[in-house]
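Encoded as structure tokens, the structure appears first; notes follow it.
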Amino acid sequence: MTQDRLYGDPDLASFYDVENVWSSDQDYCRALAAGRASVLDLGCGTGWLAAELAGEPGRTVFGVDPAGAMLDIACARPGGGRVTWVQGDGRSVRLGRRFDLIVLTGHAFQVFLTAEDQLAALRTIAAHLEPDGRFIFDSRNPAREEWREWTPAESMRRIEHPRFGATEAWNDVEHDPATGIATYGTFYRILADGRVLSSRSRIAFPPRAQLEQLIAEAGLVVEIWLGDWTGAPWTPESRDHIPLGRLGG
């Protein structure tokens, strides 16, 4: 898996918090963390959630992400000093300790493109979960075909960046029905000088049946499937697959 410039390039990474506000996934995970003494945010990105969770007195929080540029932002954010940040690959990182809660939000699970990669990430969760701990992650439901919305016409937007100023942003996308992988471009045109920052990213859309099989193979058990971060039960029409579970056995 090659490093995605969208997260590894400092200029591109600086747009992440501009485009992503605190939302229901973070609210749900904050509530789920209540009373838990240790949390692992796997694929923590810029660390907003991890830093928030670390504000609870006595709680230990680790944030793991492969992108150094994202972790630089995480370290510098308010509360970032309370988190142990680790640059590592979710498929292979081993921290030598276990956690009461492991979260993998923002559809970050979808960067694992093959069943082998997905199983490796799930085994990482199993290797770090306390016997009575819980895990949760999200992956978009392929039946919704959300990638169809990631066209230039539908995604064009104007944003204000704190350093670059007014910026036009848009996406484009190609979807491979054989593999289920979507390759999408992200573009930022800085209006002050016309410079365009861009990247191409690839994400998978595994069906629920595949996730169920891999979760079981990793030694994990799903207690409930959610359909979105409001806590609604999963249906075939749900936006997301969100398994909330524990270690098996």
Inset, instruction - Measure the acute angle between the ring planes of F99 and H128, then classify it against the limits of 30° and 60° as parallel, tilted or perpendicular. - result: tilted

Inset, instruction - Report yes if the side chains of H175 and R148 come closer than 4.5 Å at any heavy-atom pair, otherwise no. - result: no

Inset, instruction - Answer yes when R195 and D11 have at least one side-chain N-carboxylate O distance shorter than 4.0 Å, and no when they do not. - result: yes

Legend entry - With Q87, the side-chain contact (heavy atoms from CB on, under 4.5 Å) member among V64, D65, L71: L71

Inset, instruction - Mark yes when over 12 heavy atoms from residues, nucleotides or ligands other than R158 sit less than 6.0 Å from its CZ; otherwise mark no. - result: no

Inset, instruction - Give a yes or no on whether Y16 atom OH has more than 12 heavy-atom contacts from other residues, nucleotides or ligands under 6.0 Å away. - result: no

Legend entry - Min side-chain heavy-atom separation L49-W22 under 4.5 Å: yes

Legend entry - Within 45° cone of W170 ring axis and under 6.0 Å: R157 NZ or CZ: no

Inset, instruction - State plainly whether the residues D240 and R144 are in salt-bridge range, i.e. N to O under 4.0 Å. - result: no

Legend entry - Close side-chain approach of E174 to W147, heavy-atom, < 4.5 Å: no

Legend entry - Cation over ring face, R30 and Y28, 6.0 Å, 45°: no

Inset, instruction - Would you please indicate yes or no on a ring centroid separation below 6.0 angstrom for W85 and F62? - result: no

Legend entry - W229: which of D27, T105, D138 passes side-chain hydrogen bond (donor to acceptor under 3.5 Å, both in side chains): D138

Legend entry - Residues R91 and D117 bridged, charged N to O under 4.0 Å: yes

Inset, instruction - Measure up the F112 and F109 rings against each other and bin them: parallel (under 30°), tilted (30 to 60°), perpendicular (over 60°). - result: perpendicular

Legend entry - Contact summary for L119 and L214, nearest pair of heavy atoms: CD1-O, 3.6 Å

Inset, instruction - Taking all heavy atoms of A51 and all of R82, pick out the closest pair and write down the distance. - result: O-NH2, 3.5 Å

Legend entry - pair V93-L42: side-chain heavy atoms closer than 4.5 Å: yes

Inset, instruction - Tell me yes or no: between the side chains of H241 and W234, is some donor less than 3.5 Å from an acceptor? - result: yes

Inset, instruction - Answer yes or no: does atom CD of E217 have more than 12 heavy-atom neighbours from other residues, nucleotides or ligands under 6.0 Å? - result: yes

